[in-house]
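Structure first, commentary second.
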Number of protein chains: 2
Amino acid sequence: MDQPVSELLRTRGLRSTAQRRAVLTALHGHAHSTAAELEHRIQSADDGSGTSGTSPRLSRQGLYNVLEDLSRAALIRCIEPAGSPARYELRVGDNHHHLVCRSCGRIKDVDCSVGRAPCLEPGDDAGFSIDEAEITWWGLCADCRPATAQRPPRH
Amino acid sequence: MDQPVSELLRTRGLRSTAQRRAVLTALHGHAHSTAAELEHRIQSADDGSGTSGTSPRLSRQGLYNVLEDLSRAALIRCIEPAGSPARYELRVGDNHHHLVCRSCGRIKDVDCSVGRAPCLEPGDDAGFSIDEAEITWWGLCADCRPATAQRPPRH
DNA sequence: GGTCAAAATTGACTGTGTCAAAACTGCCCG
DNA sequence: CGGGCAGTTTTGACACAGTCAATTTTGACC
């Protein structure tokens, strides 16, 4: 089960190391993890696969190195919502966007209707050559919204 | 010349203090300043107005308090582009967006064609009640773009 | 299996921002 | 026009996220 991950790494010109495999598998099913969350998930448990893949030791610096290498290889993507440490996800290359709850910080992916970056053009590009439009929607998720606002007020 | 600022503060329910006036005036002509930049600008010089307004002492904590108070009063706005400390600006309430240079960090305002938040709706709001769409365009400014890319390639 | 560049670890360190308690000061009131 | 006090600011310690540089370890090719 680790074989595909190893090959994925090598096809991107990266060595297959236990640390890199661990970060990639730790991200499965845990989109938008912070570095600290990944660190805990990797250090305090095996990778949950039940197979031979036990977790390696992983230093903080090592984690940051891995995250940068994987980002540069476009195997993961990093987002930095205001007020949050950097978060990482496996969804890459589809130029999707994010919905963030102002209260609990929950993050939801939002498909990009255009699909490729930049999906949106500014009215005036001020001479920039733009390669990406990053969109973050802010609001309250269903759980955090006060009951009185669950339905839009009718005035 | 300080009178209007004082009144502005009071009309928003905030006391007019030397520190708050200094932050507001330090932001004039210096949009997208970081807290550190404001701190230096206020501590190391008078306010540049040439009038009686000399700068007060301002502690770091005091600066952060002021920035939070002014933000809550909607007198300033805070943005946090990925990879940058928080930045502050006086343009408020027009739901404008930002263009950021990946190389030098230069930030340009981009008018919002819709004008009021949220100017954009996600395809699926996942049950959130959305109040703002924050858009950041990423690219290279004219100064940072390599010469060969100054004109779009013609293939 | 040997070799060596690539990758990981170690430990100190920086920048940005926060907490809590004490001191100060605008501004209202008499 | 001076007292009083809630609202502000200062002080100093601290936390968090991330970075730097030097050393050690390791993956993968021969």
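Letters A, B, ... are given to chains in the order of the sequence lines, protein chains preceding strands, and every chain is numbered from 1.
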Have [X] and [Y] got a donor and an acceptor in their side chains that come within less than 3.5 Å?
X      : Y      : answer
B:R41  : B:S33  : yes
A:E134 : B:W138 : yes
B:H97  : B:D111 : no

(request) Any chance you could list the contact pattern along nucleotides 15-20 of chain D? Use B for base contacts, S for sugar-phosphate-only contacts and - for none, protein heavy atoms under 4.0 Å, 5' to 3'. (result) --SBBB

(request) For salt bridge (charged side-chain N to carboxylate O under 4.0 Å, His left out), just list the numbers for A:E7 and A:R12, CA-CA rounded to whole Å, side-chain angles, deciding distance to a tenth of an Å, and then say yes or no. (result) CA-CA 9 Å; A:E7 280 188 28; A:R12 304 300 179 104; over 6 Å; no

(request) Could you tell me if the ring centre of A:H98 sits under 6.0 Å from that of A:H96? (result)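 They qualify: ring centres under 6.0 Å apart.
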
(request) For side chain to side chain contact (heavy atoms under 4.5 Å, CB included), just list the numbers for A:E89 and A:L27, CA-CA rounded to whole Å, side-chain angles, deciding distance to a tenth of an Å, and then say yes or no. (result) CA-CA 7 Å; A:E89 59 187 353; A:L27 233 25; 5.9 Å; no

(message) Apply side chain to side chain contact (heavy atoms under 4.5 Å, CB included) to residues B:N95 and B:R116 and explain how you reach the verdict.
(response) CA-CA 6 Å; B:N95 192 237; B:R116 67 182 186 292; 5.7 Å; no

(request) Just call it for A:T34: base, sugar-phosphate, or nothing, with non-hydrogen atoms closer than 4.0 Å on any strand. (result) nothing

(request) Answer with yes or no whether the hydrophobic clustering places B:L90 together with B:V66; edges join I, L, V, M, F, W, Y residues whose side-chain heavy atoms lie under 4.5 Å apart. (result)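 Looking at the clustering, B:V66 is in the same group as B:L90.
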
(request) Output, in order, the C-alpha distance, side-chain angles, deciding distance and verdict of side chain to side chain contact (heavy atoms under 4.5 Å, CB included) for A:Q19 and A:L63. (result) CA-CA 8 Å; A:Q19 288 80 359; A:L63 175 57; over 6 Å; no

Report all interatomic pairs (protein N or O, nucleotide N or O of nucleotides 4-8 of chain D) with separations under 3.5 Å.
| unit_1 | atom_1 | unit_2 | atom_2 | d |
| --- | --- | --- | --- | --- |
| D:dA6 | N3 | B:R15 | NH2 | 3.3 |
| D:dG7 | O4' | B:R15 | NH2 | 3.2 |
| D:dT8 | OP1 | B:R15 | N | 3.3 |
| D:dT8 | OP1 | B:R20 | NH1 | 3.1 |
| D:dT8 | O5' | B:R20 | NH1 | 3.2 |
| D:dT8 | O5' | B:R20 | NH2 | 3.0 |

(request) Show your reasoning for whether side chain to side chain contact (heavy atoms under 4.5 Å, CB included) applies to B:S71 and B:Y88. (result) CA-CA 9 Å; B:S71 295; B:Y88 298 86; 4.3 Å; yes

(message) Of all nucleotides in DNA chain C that come within under 4.0 Å of a heavy atom of chain A, which is furthest toward the 5' end and which toward the 3' end?
(response) C:dA5 to C:dT10

